[in-house]
Amino acid sequence: MLLAIDSLLSAAEAGALRASADTLDFADGKASAGRYAREVKANDQAAPSPARNAVLAKVTKALQGNELFTLAARPRAMTPLILSRYRQGQTYGLHVDDALMQGLRTDISFTLFLSDPESYDGGELVIEDGFEARAVKLPAGGLMLYPSTTLHRVAPVTRGERLAVVGWVQSRVREAAQREMLFDLERAVREVHGREGKSELFDLLAKSRSNLLRMWAD
C-alpha cells in the first residue's frame with residue numbers, strides 16, 4: 001500500500017527542522033547503503049551529533065503521535081532515522097532496500113519531505129509498482145509510506161537542495177496486503193460508527209477487524 005500523509009509536520013515545524021539542519025555536518029550517504037545500493041547512491045546524510053539527534057527525536061515523536069501512520073504501518077519497531085540531503089547533481093539510483101537493517105526486518109519504508117517543493121527541481125521519490133513509475137514530491141512536512149519490497153529511486157536534483165528524513169518499520173503485520181485490508185477495515189469501522197453508532201453492522205465489522213489482527217499480528 002502506498003500512502004501519503006500530507007502533514008505529519010506543519011509547514012512551520014518542517015521549516016524549524018530545516019533551520020536546525022543548516023547547522024549540522026553532513027557525510028557521504030553511501031555509509032548507510034547496502035553492498036549494491038551504494039553503487040548508485042550519491043547523497044549526504046547528517047553526521048551523528050546531539051543537534052542531529054534532537055532533530056530526529058522530534059520526527060520520531062511526530063511519527064509516534066500520528067494515528068494514520070500507526071494504523072497504516074502497525075509498527076513493532078523502527079530503525080534509527082536518517083536525515084538525508086541531496087544537492088544539485090545528487091541522486092539515488094534504482095534499488096530495493098535491505099531486508100534487514102539494525103537487526104530488524106524492513107516491511108515499510110518512509111520518506112518525510114522537509115524542503116518546500118518549490119525550492120528545488122528534481123528529487124522526486126520514484127516508486128516502481130509493477131505497472132508504472134510513480135513520482136512523489138510532497139509539501140514540506142508530508143510523509144510517504146511504501147512497501148520496502150518495491151524498487152524505487154530518487155531522481156537527480158537539478159536545482160536547489162532536497163532535505164528529507166528516511167526510515168524503516170518492522171510491522172506487527174508482516175504482509176502488505178494484510179496491512180492494507182486492516183487499514184481499510186479500520187476506516188470502515190470508524191465511518192459506520194460515526195454514521196449510525198454501535199449498530200449490528202458496526203459490531204460485525206469491528207469483530208472482523210479485531211479477529212483478523214489477532215490472526216495476522218506477530
Side-chain angles (χ1 to χ4, degrees), residues 5 7-64 69 77-98 100-104 106 108-127 135-146 148 151-169:
I5 301 176
S7 55
L8 183 90
L9 300 174
S10 68
E13 290 170 327
L17 293 186
R18 286 198 307 274
S20 297
D22 286 342
T23 68
L24 302 179
D25 293 325
F26 282 79
D28 191 340
K30 292 182 187 293
S32 64
R35 175 183 175 185
Y36 301 108
R38 68 172 58 104
E39 297 178 8
V40 294
K41 186 176 185 181
N43 71 354
D44 308 317
Q45 63 188 46
S49 71
R52 183 212 63 169
N53 295 344
V55 169
L56 297 181
K58 291 177 181 177
V59 175
T60 299
K61 183 178 179 179
L63 289 167
Q64 293 172 341
F69 173 81
M78 287 195 300
T79 64
L81 303 181
I82 295 173
L83 178 60
S84 68
R85 181 182 68 184
Y86 291 79
R87 293 169 292 166
Q88 186 171 338
Q90 292 187 312
T91 184
Y92 198 164
L94 195 65
H95 66 285
V96 65
D97 293 331
D98 284 349
L100 298 173
M101 295 186 189
Q102 305 289 321
L104 298 178
T106 56
I108 302 166
S109 306
F110 60 85
T111 298
L112 171 63
F113 292 78
L114 293 180
S115 298
D116 291 317
E118 299 81 10
S119 70
Y120 65 100
D121 293 330
E124 295 87 358
L125 170 64
V126 183
I127 302 169
V136 179
K137 190 174 185 179
L138 297 181
L143 182 91
M144 188 69 193
L145 289 132
Y146 53 98
S148 299
L151 285 166
H152 56 281
R153 60 188 174 88
V154 176
V157 171
T158 58
R159 177 186 65 87
E161 179 179 291
R162 176 195 192 263
L163 195 68
V165 173
V166 297
W168 296 266
V169 174

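Note: hydrogens, waters and symmetry copies are ignored here, and every other heavy atom, side chains too, is used.
- Of the possible polar contacts, none joining the Thr111 side chain to the Val166 backbone as a donor-acceptor pair under 3.5 Å is found.
- Applying the side chain to side chain donor-acceptor pair (under 3.5 Å) rule to Ser10 yields the partners Glu13; only residues at least two apart in sequence or on another chain are considered.
- Remark: Leu151 engages Leu94, Val96, Glu128 in a side chain to side chain contact (heavy atoms under 4.5 Å, CB included) (not counting sequence neighbours).
- Residues Arg153 and Val40 fail the side-chain proximity criterion, which asks for heavy atoms closer than 4.5 Å.
- The line from OG of Ser109 to CG of Asp98 is 10.0 Å long, rounded to the nearest 0.5 Å.
- Although no hydrogens or angles enter the test, the distance criterion places no donor-acceptor pair under 3.5 Å between the side chain of Ser84 and the main chain of Val165.
- The closest side-chain heavy-atom distance from Leu63 to Leu143 is below 4.5 Å.
- Here CG of Leu138 is found 11.0 Å from CG of Leu8. Values are rounded to the nearest 0.5 Å.
- Side-chain contact check for Trp168 versus Ile82: some heavy-atom pair is nearer than 4.5 Å.
- The side chain to side chain contact (heavy atoms under 4.5 Å, CB included) test applied to Ala51 returns Leu24, Ser49, not counting sequence neighbours.
- Within the structure, every pair that satisfies the side chain to side chain donor-acceptor pair (under 3.5 Å) test and touches residues 23-38, not counting sequence neighbours, is listed here: Ser32-Lys41, Ser32-Gln45.
- Not counting sequence neighbours, the partners of Tyr86 by the side chain to side chain donor-acceptor pair (under 3.5 Å) test are Asn43.
- Every residue meeting the salt bridge (Lys or Arg N to Asp or Glu O under 4.0 Å) condition with Arg18, not counting sequence neighbours, appears here in chain and number order: Asp116.
- Under the side chain to side chain contact (heavy atoms under 4.5 Å, CB included) criterion, Ala135 pairs with Glu124, Val126, sequence neighbours left out.
- Under the salt bridge (Lys or Arg N to Asp or Glu O under 4.0 Å) criterion, Asp97 pairs with no residue at all, not counting sequence neighbours.
- Sorted by first and then second residue, the salt bridge (Lys or Arg N to Asp or Glu O under 4.0 Å) pairs with a member in residues 42-61 read Asp44-Arg85, Asp44-Arg87; sequence neighbours excluded.
- Rounding to the nearest 0.5 Å gives a distance of 4.5 Å between OG1 of Thr158 and CG of Asp121.
- Counting heavy atoms from C-beta outward, Leu114 and Leu9 have side chains that approach closer than 4.5 Å.
- Lys137 contributes atom NZ, which lies 8.0 Å from atom CD of Glu118 (distance to the nearest 0.5 angstrom).
- Under the rule for a ring pair (Phe, Tyr, Trp, His ring centres under 6.0 Å), the partners of Phe69 that lie at least two apart in sequence or sit in another chain are Phe110.
- Here the shortest heavy-atom pairing between Pro117 and Ala140 reads CD-N, 4.0 Å.
- Taking Phe113 as the reference, nothing meets the ring pair (Phe, Tyr, Trp, His ring centres under 6.0 Å) condition, with sequence neighbours excluded.
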Stepwise side-chain contact (heavy atoms from CB on, under 4.5 Å) test for Ile108 and Tyr146: CA-CA 6 Å; Ile108 302 166; Tyr146 53 98; over 6 Å; no
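- Put simply, OG1 on Thr60 and CG on Leu81 are 4.0 Å apart, with the number rounded to the nearest 0.5 Å.
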